[in-house]
6 protein chains.
Amino acid sequence: MAAYTRFFTYLTLLSVTFSVAYATDPTQLQDFCNPIMAVTADDFFFANGLDKSGDTSNRLGSAVTPVGAAQLPGLNTLGISMARLDFAPYGLIAPHIHPRATEVLTVLEGTIYVGFVTSNQPDNKLFAKVLKKGDVFVFPQGLIHFQLNVGKTPAFAISALSSQNPGVVTVGNAVFGAQPPISIDVLSKAFQLDANVVKLLQSKFSTSA
Amino acid sequence: MAAYTRFFTYLTLLSVTFSVAYATDPTQLQDFCNPIMAVTADDFFFANGLDKSGDTSNRLGSAVTPVGAAQLPGLNTLGISMARLDFAPYGLIAPHIHPRATEVLTVLEGTIYVGFVTSNQPDNKLFAKVLKKGDVFVFPQGLIHFQLNVGKTPAFAISALSSQNPGVVTVGNAVFGAQPPISIDVLSKAFQLDANVVKLLQSKFSTSA
Amino acid sequence: MAAYTRFFTYLTLLSVTFSVAYATDPTQLQDFCNPIMAVTADDFFFANGLDKSGDTSNRLGSAVTPVGAAQLPGLNTLGISMARLDFAPYGLIAPHIHPRATEVLTVLEGTIYVGFVTSNQPDNKLFAKVLKKGDVFVFPQGLIHFQLNVGKTPAFAISALSSQNPGVVTVGNAVFGAQPPISIDVLSKAFQLDANVVKLLQSKFSTSA
Amino acid sequence: MAAYTRFFTYLTLLSVTFSVAYATDPTQLQDFCNPIMAVTADDFFFANGLDKSGDTSNRLGSAVTPVGAAQLPGLNTLGISMARLDFAPYGLIAPHIHPRATEVLTVLEGTIYVGFVTSNQPDNKLFAKVLKKGDVFVFPQGLIHFQLNVGKTPAFAISALSSQNPGVVTVGNAVFGAQPPISIDVLSKAFQLDANVVKLLQSKFSTSA
Amino acid sequence: MAAYTRFFTYLTLLSVTFSVAYATDPTQLQDFCNPIMAVTADDFFFANGLDKSGDTSNRLGSAVTPVGAAQLPGLNTLGISMARLDFAPYGLIAPHIHPRATEVLTVLEGTIYVGFVTSNQPDNKLFAKVLKKGDVFVFPQGLIHFQLNVGKTPAFAISALSSQNPGVVTVGNAVFGAQPPISIDVLSKAFQLDANVVKLLQSKFSTSA
Amino acid sequence: MAAYTRFFTYLTLLSVTFSVAYATDPTQLQDFCNPIMAVTADDFFFANGLDKSGDTSNRLGSAVTPVGAAQLPGLNTLGISMARLDFAPYGLIAPHIHPRATEVLTVLEGTIYVGFVTSNQPDNKLFAKVLKKGDVFVFPQGLIHFQLNVGKTPAFAISALSSQNPGVVTVGNAVFGAQPPISIDVLSKAFQLDANVVKLLQSKFSTSA
């Protein structure tokens, strides 16, 4: 019986813990912290991933290779991560949001049209720029932004993000590809689209997502 | 010459300051802080705003009355704000994001269908619910969410937000109503829409925004 | 032997974890986080609690219905919570402190006299106001504040608080109702009260607490 | 006209700034930051204050000598401060709260009875201890605590606090000595005291505060 | 099979948890939090340690007695700690860094020469001072600093640190005493020392560390 | 006289502000914030800097090109920055610390030996690795680390840092090149070096710093 109680106590500890273990972007309480008991240099190391192009053979012609705490355990609790962005000619990273991070992008190859849109107050202003090799651009946390390769050749960039797990909300997928789908009433009214157009978009995104 | 130098020193101070003055949701360093030199109880007081319905005579049939630091100076640096949401019958608050706050909504009148969509990993999952009077629902920071009055009668709710200035990014307006407009290449490819449909949407949102 | 060691390792993990699991109001590291493995919309939902009056049939004639992470698991790690405050005619929420949150109150029914007192430097200044339906008032974190229904009819309000677990320290109960009791020397000297008055108060609060 | 506009722009900057300048206990953005243009070692230095006893010839027989950012400019933005606590024989530091800091106390001379009371949930539990020279005790942020010299001889202690400006709310002074006074209805009901006793206390505290 | 899966689920929970349990200096989510189930006043109490001199019979003639969360569980999650510093005549606490805390030092006995060095931009400026009994000095987070007893008699000081686990990186030990050693190429080039001098230093520090 | 008073009020505002304006790495209170009144896309843009090698014709054969808030105003308040690191053959970035940031490095060209050393507890452990093109490595905040080009050809890398102004403390320069110099007693005792060797090092670093 005592064992039974202890078992539930354990479960509680574990579950509560779990929720927090994944939930905090804290300041540090030790030099670093790594789940694995015996930490080695390899825990702070991500083997040559960022020199290889991601697979851009998809509808949008783009690929993102994230290097966050999930890929690089040593980043755990340190509040930062990186990613490589690859673009086929005219490839696009569709309008999206990082709910937990600001992004700083550096173009390493190609010519990329980038932009972000400010919030409603005072107005949804677009800040856009065509970036060349070596240019750097900032996308503030929580704002919708996009990147488009405007060149005939492949392009790629490295981004730094201010969270070990920035999160990505691709607007089209979240709005038209959500499962279960958002009600057509909401979407047709919100986007001023005919219900049939909304249904068509939902079918497209549910398959292409 | 010294005066000249000082002048620039001042300008620097002012500009740098400005950027931070508006930029921080800090922990407190004193009981409260208010720009006006002589603080009175009125600085912590917002006169009877939240018992009055906002004007819902617009395309979406909804209105938001915010009470943040801009409306209530006493909230400055305290990291929280409120808002009243009003809905005409079938009125909608279109899919939007708060880049700097989680929202907790309480229905005070009517029946409201609400939901939010998680980020791409693992999937854009919809968490939706029909709320009745007295129900409470949480919309986590940075996720797309919406509220629709599904009743024949007006509805209203009170929301608490975890920032003195949560910000609002209404997806449709930011994507299709941005000024200057986002390039049609980006939008047609991202949303799988014909260029003419995108142009039509941009014209609709630039006027209705 | 190895098993024995591992057992203690586990215990350590659990205990250390426990302390933190409950202890942090962090920024988020994912969209949300919930102890239960399979998260559903119900985890972000609190069923119609805030339209029902709490039971005010007590000495003070008031009741607080909190909606924090303990009541609404979806609030976990999101740094905000709500509460409904109910007052019988002339009902009082006695002077208290929230050690971890600022409170923003909105009157939904009745007329409520509210106030908070600043810290010792420069002086213990009272900021008080009589609030009517629709009025909003701010109580900064860690300051003593109170709410009194000054009307002949029941009153109620909704409050937003800037923590998922704000905590409440009711001054009278903490000072005179603590268990074990604070020494009479401390209380009589601090409050300039005769030892017998202190004893009387302690007996009253130990029963009414 | 342009000058006129600039003048108001400046005023806005200044006022907004002021509110934040005092309001944040931030992480650092540079090694340190000090208002005075030419920083010297003296800005990080507080001359021999903490070896001198404060003046305990007052009703409570105690004195607090704070060393925060106001006394030691180099502490600005560093989130920590110190204080020396002096006690005449049987001297008391009355029940109080630090709204913005946890306190860690070290007894350097004498024997001091200290304690703090937890919040209402689950109960107002007293954690108290008699401390001797060299003992250390923790008072968590936002909880009511006190210190009483229980020896025949003077005593003193050094405290560290987790804010550059912790704030002090002495319960008796805030409740009974607030100016203007809290209404007698509130206090007599809250503290279960006869209105005349409340009036007496208010007169005592308004003079002795 | 289910058991097998659960076993791994547990491991994951534990490991992930472990990393965070030690990794966060969070704001509080409850009055305090202590690993041990039944919390008592002793959990906030550290028995008379800070009145006893540490053992300074070592090469540097100094000793540090930390009182952090590891020594005083009640400090867990409260973001502050203390330490006693002891010095034999001419004893030294060698140049070091606290990666996670600012230090505020108070001299209780003796005469101590202290200083810290700013970062590279604009320049590595030394801020140094000779402190007497009762003097207070601040060492900002992450900057190299040192303390030297410049008197013929023993000296001691109390320090407050703005983390429950500030960490200490003693420059000499980290640079010349690291295990495995940093390559001689790095050290001879960085410190403009002959390779043999570097080897000598490494042998000295590996034994004296 | 009023003018005189106002003048001092202004000065106070400015000075206090200055200290905070530079001192905070805050969460955001608006989409972004930029000192310049009229913000344009160029404020979030840093023109092609990161494709150009820095000048490595110096004693160490290395160069760092930072892109922080000072170079890219749009980063202000967003808590992140980048840098390009260039190395001549066998070029070195000497052991240093970032007091306010964790660094994540990605090798874009060449072969680089990197490492960091943990704090004193439990031990100064070296975590080192030879990185090739595309490899990523993490240097936790406040720990001593270094980068050495171990190839015959130039090398370069891009680093992300978790602060808009990470700060750099190069150990050799701070310890032996500080101005005014740290006393020879401190350095010879701390580093177990003959006084003459210390003097020699100080002369070398004061010129080469």
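Per chain, numbering begins at 1; letters A, B, ... match sequence-line order.
Contact between E:G79 and D:S162 at its shortest, heavy atoms only, is O-CB, 4.3 Å. D:F127 approaches E:V39 most closely through the heavy-atom pair CE2-O, 3.7 Å. For the residue pair E:A128 and D:A41, the shortest heavy atom distance occurs at O-CB, 3.4 Å. When all heavy atoms of D:D51 and E:K133 are compared, the pair lying nearest together is OD2-O, 3.2 Å. Here the shortest heavy-atom pairing between D:A47 and E:D135 reads C-OD1, 3.4 Å.
Of the atoms belonging to D:K129, it is side-chain heavy atoms, and not backbone ones, that fall under 4.5 Å from chain E. Looking at D:K52, there are no atoms closer than 4.5 Å to chain E (heavy atoms on both sides), in backbone or side chain. For D:L108, the part lying near chain E is the side chain, with the backbone staying farther off; criterion is any non-hydrogen pair under 4.5 Å.
Partner of E:M82 under the side chain to side chain contact (heavy atoms under 4.5 Å, CB included) criterion, chosen from D:V138, D:V104, D:L105: D:V104.
Taking the ring centroids of D:F116 and E:F44, they lie under the 6.0 Å cut-off.
Across E:I158, E:L161, E:V136, the residue that shares the most heavy-atom pairs under 4.5 angstrom with chain D is E:V136. For the options E:T102, E:T106, E:L126, E:V107, heavy-atom pairs under 4.5 Å to chain D are most numerous at E:T102. Interface summary for chain E: among D:V67, D:L131, D:D42, the most heavy-atom pairs under 4.5 angstrom belong to D:D42.
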